[in-house]
Protein chains: 2
Amino acid sequence: MVTIADIAKIAGVSKSTVSRYLNGGSISDATRKKIERVIDANSYSPNKFAQSLKAKKTNIIGTIVPRLDSYATSQTLIGIDEQLRELDCQLVISNSSQDLNREIENIYSLAKQKVAGIILLATEITDGHLEAFRQAQIPVILVGQQHDQLHSIIHKDYESGYELGKYVLQKGHRNIAYLGVTEKDIAVGIKRKEGFKKAVEGQPDTLVHYFETSFNIKGAMERVPEIIEEYQPSIIVCATDNIALGALKAAYMKGLRVPEDLSLTGFGGYDITEITYPGITTAKFYYKEAGRMAAKDITKLVNGEELGKISFTKYEIIERESVDNLL
Amino acid sequence: MVTIADIAKIAGVSKSTVSRYLNGGSISDATRKKIERVIDANSYSPNKFAQSLKAKKTNIIGTIVPRLDSYATSQTLIGIDEQLRELDCQLVISNSSQDLNREIENIYSLAKQKVAGIILLATEITDGHLEAFRQAQIPVILVGQQHDQLHSIIHKDYESGYELGKYVLQKGHRNIAYLGVTEKDIAVGIKRKEGFKKAVEGQPDTLVHYFETSFNIKGAMERVPEIIEEYQPSIIVCATDNIALGALKAAYMKGLRVPEDLSLTGFGGYDITEITYPGITTAKFYYKEAGRMAAKDITKLVNGEELGKISFTKYEIIERESVDNLL
DNA sequence: CTGAAAGCGCTTACAG
DNA sequence: CTGAAAGCGCTTACAG
């Protein structure tokens with residue numbers, strides 16, 4: 001391995017000068033050229049560990065994800081990865097397998113690794129998180145959830161819920177089931193539902209029942225038959241595309257046609273909602289874009305730049321075939 | 001930040017002794033207890049950079065993935081992550097976005113970061129890869145592809161192709177389309193097809209046509225209609241579940257019922273194949289298990305243990321509703 | 001603009 | 001079993 005001392009010797013200068021060259025200190029044109037040549041010729045690259053040890057900082061951004069096998073996670077990570085690459089930062093991904101304690105451990109562990117900043121694909125922010133961030137003393141960007149003490153990138157959960165609600169009413173649905181998730185997840189469990197509620201509130205002759213299920217497909221598959229039997233809604237508005245996928249399967253298994261016998265909507269805009277039959281009408285979020293924004297923002301924070309507490313990504317209602325027009 | 005010198009001073013011993021405690025050198029019981037207490041009380045943890053700088057090695061395993069948004073990648077990563085965590089190794093994920101050159105760059109970049117070993121979720125191994133591995137001088141495990149110069153974990157592509165072929169014949173299909181992928185991908189493009197070929201070879205009155213498409217759903221959606229129109233196969237055997245998903249959508253869009261008008265099979269065993277309607281019959285691979293094996297094997301290699309060149313994961317034909325029984 | 005020196009937080013022979 | 005010393009490959013005041 002060639003070191004800075006080797007380069008210095010070959011170039012006939014001191015290590016300090018080479019270091020200055022590397023870090024953009026002032027240097028004469030002649031020596032600059034000389035050093036450049038020697039570095040190229042020996043394909044030298046500085047030892048990151050020595051740099052970090054001395055400079056006490058890194059250009060590593062840690063990203064904590066709740067799970068690896070989700071469309072939202074994958075897309076967000078792709079966005080972060082792309083943007084960080086452009087920014088010449090390194091990405092370290094830390095998986096917490098949907099375990100909040102592990103998530104908090106991951107914060108400490110990233111801090112110990114001296115990452116320059118942390119991006120957290122958040123689900124729920126507890127006091128444990130806050131305490132970890134406080135101790136870590138590292139810039140943080142939340143993606144997907146909002147918190148007044150932290151910077152965040154969030155999706156327009158409320159607005160998309162509202163617009164989707166209006167859409168459903170406009171299609172003539174008056175007996176509606178809303179299949180949501182735990183309110184511990186503020187964005188998904190509360191905001192989407194609140195937006196939807198606002199849209200249907202005051203609509204005459206309209207029945208809306210609210211239910212809760214888990215985030216996975218199987219959970220929805222089990223939940224939906226009861227809902228149908230008990231309330232016979234004309235539509236089930238699902239808080240995520242995964243839930244909608246489960247509902248679709250459940251409907252098929254009950255021999256119901258979608259959308260003739262039962263309409264369905266989702267949130268997320270996962271690629272797969274275009275491939276099912278029928279395609280699922282959904283509120284599409286731009287996860288990759290959110291990832292890019294998070295990456296840009298975290299580097300701003302790392303560089304001490306000012307930043308608004310909150311940024312929004314756009315959304316779009318994608319109309320496909322899973323909602324029947326009752327009018 | 002508390003350092004080894006602090007601990008030494010508080011405990012009233014030398015840094016060497018603390019270091020020995022940390023690295024399992026011989027030490028008296030009394031000092032061991034003393035140091036332990038002091039370390040706990042000050043929640044000290046060694047600076048990784050200093051350790052790596054001195055010891056010239058890390059416990060980081062680099063994993064290179066071709067893409068982040070694929071079921072196989074996610075599951076394999078989950079397996080690697082779980083296992084590496086048990087083994088107290090750190091995981092760094094490097095995404096090459098399906099770009100072979102970037103993949104090779106990633107090898108060099110991981111080598112520069114002094115990772116202890118590399119796991120490559122491989123698609124195609126070029127001379128560029130080999131050269132990079134040679135220069136890096138780091139243990140490598142391939143997942144999903146085989147190469148005689150490298151260690152690998154591979155799925156039973158040939159065997160599963162064979163068994164699926166036999167299954168299809170047993171269901172009475174005699175006019176078959178096989179929709180494969182590029183032969184550059186030896187495992188997916190060649191092995192699966194060869195296994196299938198072997199199974200149908202010599203079967204009387206049987207027509208098999210072979211086609212090629214890309215790995216994504218859209219590609220298959222475009223390709224399938226032509227195939228149906230020109231050859232009217234009773235079944236399309238797809239080289240991946242994604243292709244099967246595309247074929248299913250294409251069939252629906254042509255107004256064909258699956259499996260009555262057209263049967264379908266896939267490879268992979270993605271969760272989503274259970275959710276579609278009908279569920280897709282597929283050769284399921286155990287990606288998570290492969291990931292765990294890769295993690296175990298790479299640490300063996302890192303520790304200088306002997307290892308066979310190749311390990312296989314199991315597979316299973318999952319019979320669902322997408323194949324009609326013609327007999 | 002340039003160099004000598006100190007030091008970042010560890011580990012590892014070498015003595016004792 | 002324990003400690004003093006050297007050194008890993010950098011960076012950063014401090015002089016000149």
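Below, chains carry the letters A, B, ... as their sequence lines are ordered, and counting in each starts from 1.
Listed candidates were D:dC1, C:dA5, D:dT11. Nearest to the side chain of A:Ser16 is C:dA5. Checked against D:dT2, C:dT12, C:dC1, the side chain of A:Thr31 finds its nearest nucleotide in C:dC1.
For the pair A:Val18 and B:Arg20, nearest-nucleotide mapping onto DNA chain D gives the more 5' position to B:Arg20. Along DNA chain D, the nucleotide nearest B:Lys54 and the nucleotide nearest B:Arg32 are compared for position; the residue whose nucleotide lies closer to the 5' end is B:Arg32.
Counting non-hydrogen atoms of neighbouring residues, nucleotides and ligands closer than 6.0 angstrom, the CG atom of A:Asp127 reaches no more than 12 such neighbours.
C:dA4 makes up no base pair with any nucleotide shown, lacking Watson-Crick or G-U wobble contacts both under 3.5 Å. Searching all strands for a Watson-Crick or G-U wobble partner of D:dA13 with both distances below 3.5 Å returns nothing.
A:Thr58 places a side-chain N or O within donor-acceptor distance of the main-chain N or O of A:Lys114, the cut-off being under 3.5 Å.
Residue B:Ser28 places no side-chain N or O under 4.0 Å from the OP1 or OP2 atom of D:dC1.
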message: Run the side-chain contact (heavy atoms from CB on, under 4.5 Å) test on A:Val2 and A:Ile7 for me, step by step, so that the C-alpha distance in whole Å, both residues' side-chain angles and the decisive distance to 0.1 Å come before the verdict.
response: CA-CA 7 Å; A:Val2 28; A:Ile7 299 299; 3.8 Å; yes
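Checking B:Ser16 against B:Ser19 by side-chain atom types alone, no donor-acceptor pair falls below 3.5 Å.
A:Leu53 comes within contact range of at least one nucleobase, with a heavy-atom separation under 4.0 Å. Within 4.0 Å (heavy atoms only), A:Thr3 reaches sugar-phosphate atoms of the nucleic acid but no base atom.
Evaluation of atom-type donor-acceptor distances gives no pair under 3.5 Å for the side chain of B:Lys15 against the base of D:dG3.
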